[in-house]
2 protein chains.
Amino acid sequence: MANNMKERIKDAAIDLFYKKGYFATSLNDVAQNIGIRKASIYHHYPSKEGLLLSILQTILVDLTTNLHDSIQGIEGIEGKMRAAVRSHILVSIDRQKEVLISDSELRGLSPENYETVVRIRDSYEREFQALIVDGMEAGVWAQGDFKVLSFAILNMCTSVAGWFKPAGRLSRVDIARVYEEFIIGGLKIGTCSTVDSV
Amino acid sequence: MANNMKERIKDAAIDLFYKKGYFATSLNDVAQNIGIRKASIYHHYPSKEGLLLSILQTILVDLTTNLHDSIQGIEGIEGKMRAAVRSHILVSIDRQKEVLISDSELRGLSPENYETVVRIRDSYEREFQALIVDGMEAGVWAQGDFKVLSFAILNMCTSVAGWFKPAGRLSRVDIARVYEEFIIGGLKIGTCSTVDSV
DNA sequence: GTCTATAATAAGATAGAC
DNA sequence: GTCTATCTTATTATAGAC
């Protein structure tokens, strides 16, 4: 647990927004969770929405940073895509609550704040789209609609945050491997076969 | 638009729960949308949650029915999986609002109602899981964790409801085809190659 | 079957004491 | 930096007239 109050408030909010949703959580819930009164929250954040905004910006920036670190220095499009998928899956597991919030609570934002957040998300998506387009041009992947494929891949990976349980059968790395193989296989199809079997 | 009031209330609720979310929507919003007072809603539904429950049950049952109709009479595991994916994608597009609600608003339910809804959803998921397991045993698909793969496939398809726009570039059938090829390719990987290219 | 009126409660946010 | 107290507004839900 963080030792400064601003972070403790944020951690409690992440926990509650994840469990109950943003609108179903009151600032009173958040305050009670850490033993303060709701009025004190306003010393650290301008509003409930400001608290949400801070959570969303942090996780989206961290996703982007982790992506860059992960594909840094890797040669080849397939290797880069494998690393990108692993990065997204592992962050979605390690930062499960924040990723789920980033996937479901954007409606809590005003138009201006929504714009700010979606800009970060879109630039993250474009990095995956570039890997798809480059791979198609290089003949690594089959042809297909790169935008639909990027939505399919990213939403599939993000949804891990909706079902992962720390005490489950599989390790985070096991899960990442299943997604990695499945996605690479899907991107390559057509380059290997269109045989009808069984 | 439905002509009886019970359905008109439901349609308005679907529209608002989709746009704003369940907790951010008040029964006053719903009532104003169809020109009645909020008290009148209680003549048709026992509570706000009862209205949500009705929406969720309808779409989950309809998804199941459409799946059965779609794979009915189709021979072969690959053909059945292709039909199942098409069914899920097309319903997620045609009933976009309800599918999005079914994917994001289960937290609005009491434990008992949550149980009721999740039972339907789980039995739907098990039908996809059976197609994955059967295909692995028959050698149509590569080996892999069938549960993780079922979550990956279903969540990827469901997420179409989050981004589809009726005025977009691609038709509903075009989109379904992209998903179908991608998913079949992912399930087959390992049966065709593990070559590292580029 | 829909209405007006209201009960009961809780929300986000602010003022000002300490 | 946190508190108590309060403002303002909105919510779900119900009672009872028409």
Side-chain angles (χ1 to χ4, degrees), chain A residues 1-57 101 104-114 116-117, chain B residues 1-56 101 104-114 117:
Chain A
M1 186 165 74
N3 53 4
N4 68 82
M5 188 53 76
K6 187 161 183 171
E7 283 302 309
R8 286 182 65 198
I9 292 167
K10 196 167 177 173
D11 286 349
I14 287 169
D15 193 56
L16 287 163
F17 293 173
Y18 168 72
K19 280 192 201 142
K20 305 174 42 168
Y22 172 72
F23 284 105
T25 301
S26 73
L27 291 181
N28 205 23
D29 292 336
V30 176
Q32 278 197 305
N33 238 259
I34 50 177
I36 60 170
R37 304 288 165 167
K38 64 177 172 176
S40 307
I41 293 175
Y42 289 89
H43 180 75
H44 302 279
Y45 294 94
S47 64
K48 188 185 179 189
E49 187 186 334
L51 181 49
L52 175 63
L53 177 63
S54 171
I55 292 168
L56 293 173
Q57 284 180 311
I101 294 166
S104 56
E105 300 294 3
L106 268 54
R107 282 182 299 205
L109 299 172
S110 67
E112 305 79 52
N113 287 335
Y114 182 84
T116 304
V117 166
Chain B
M1 188 167 74
N3 52 5
N4 67 83
M5 188 52 76
K6 187 162 185 172
E7 282 303 309
R8 286 182 65 197
I9 292 168
K10 195 168 179 173
D11 286 350
I14 288 169
D15 193 57
L16 287 163
F17 293 173
Y18 169 72
K19 280 190 201 145
K20 305 174 42 167
Y22 172 71
F23 284 105
T25 300
S26 73
L27 290 181
N28 205 23
D29 291 336
V30 176
Q32 277 198 306
N33 239 260
I34 49 177
I36 60 171
R37 303 288 165 166
K38 62 179 170 178
S40 306
I41 293 175
Y42 289 89
H43 180 75
H44 301 279
Y45 294 94
S47 64
K48 189 185 178 187
E49 187 187 333
L51 181 49
L52 175 63
L53 177 63
S54 170
I55 292 168
L56 292 172
I101 294 166
S104 56
E105 301 294 3
L106 266 56
R107 283 180 299 203
L109 298 172
S110 68
E112 304 80 50
N113 287 335
Y114 182 85
V117 165

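Order of the sequence lines fixes the chain letters, A, B, ..., with proteins taken first and strands second; residue numbering starts at 1 for each chain. Hydrogens, waters and symmetry mates play no part in the numbers below; they use all other heavy atoms, side chains included.
The phosphate of dG1(C) (OP1 or OP2) has a side-chain N or O of His43(B) nearer than 4.0 angstrom. Note on Ser40(B): every side-chain N or O is 4.0 Å or more away from OP1 and OP2 of dG1(C).
Distance CG (Asn28(A)) to C1' (dG12(C)): 11 Å, rounded to an integer number of Å. What separates NZ of Lys20(B) from P of dA10(D) is a distance of 12 Å, to the nearest Å. Summarising the geometry, the separation between CG on Leu16(B) and P on dT12(D) is reported as 12 Å, rounded to the nearest angstrom. In this structure, the NE2 atom of His44(B) is 6 Å from the C1' atom of dG1(C), given to the nearest Å. For the pair Lys6(B) NZ and dG1(C) C1', the interatomic distance rounds to 14 Å; values are reported in whole Å. Between the C1' atom of dT11(D) and the CZ atom of Phe23(B) lies a distance of 13 Å, rounded to the nearest Å. The CG atom of Leu51(A) sits 14 Å away from the C1' atom of dA13(C) (whole-angstrom rounding). For the pair Tyr42(B) OH and dG16(D) C1', the computed distance is 17 Å after rounding to whole Å.
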- Query: When you look at Lys48(B) and Leu52(B), which way does the side-chain contact (heavy atoms from CB on, under 4.5 Å) test go after all the steps?
  - Reply: CA-CA 7 Å; Lys48(B) 189 185 178 187; Leu52(B) 175 63; over 6 Å; no

For this session: Check the pair Tyr114(A) / Leu106(A) against side-chain contact (heavy atoms from CB on, under 4.5 Å), numbers first and verdict last.
Result: CA-CA 7 Å; Tyr114(A) 182 84; Leu106(A) 268 54; 3.9 Å; yes

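In this structure, Ser26(B) reaches the sugar-phosphate backbone alone: every heavy-atom distance under 4.0 Å involves primed, P, OP1 or OP2 atoms, never a base.
Annotation: of the two residues near DNA chain C, Thr25(A) and Lys38(B), the 5′-most nearest-nucleotide partner is Lys38(B).
Within the model, atoms OG1 of Thr25(A) and CZ of Phe23(B) stand 8.5 Å from one another, a figure rounded to the nearest 0.5 Å.
Set against dT2(D), dT2(C), dA15(C), the side chain of Ala39(A) has dA15(C) as its closest nucleotide. Closest approach to the Arg37(A) side chain among dA13(D), dC3(C), dC3(D) is made by dC3(D) (side chain taken as heavy atoms from C-beta onward).
The side-chain hydrogen bond (donor to acceptor under 3.5 Å, both in side chains) with Asp29(B) is formed by just one residue from the set Lys20(B), Lys38(B), Lys19(B); it is Lys20(B). Looking at His44(B), Lys6(B), Glu49(B), Lys10(B) one by one, the single match for side-chain hydrogen bond (donor to acceptor under 3.5 Å, both in side chains) with Ser54(B) turns out to be Lys10(B).
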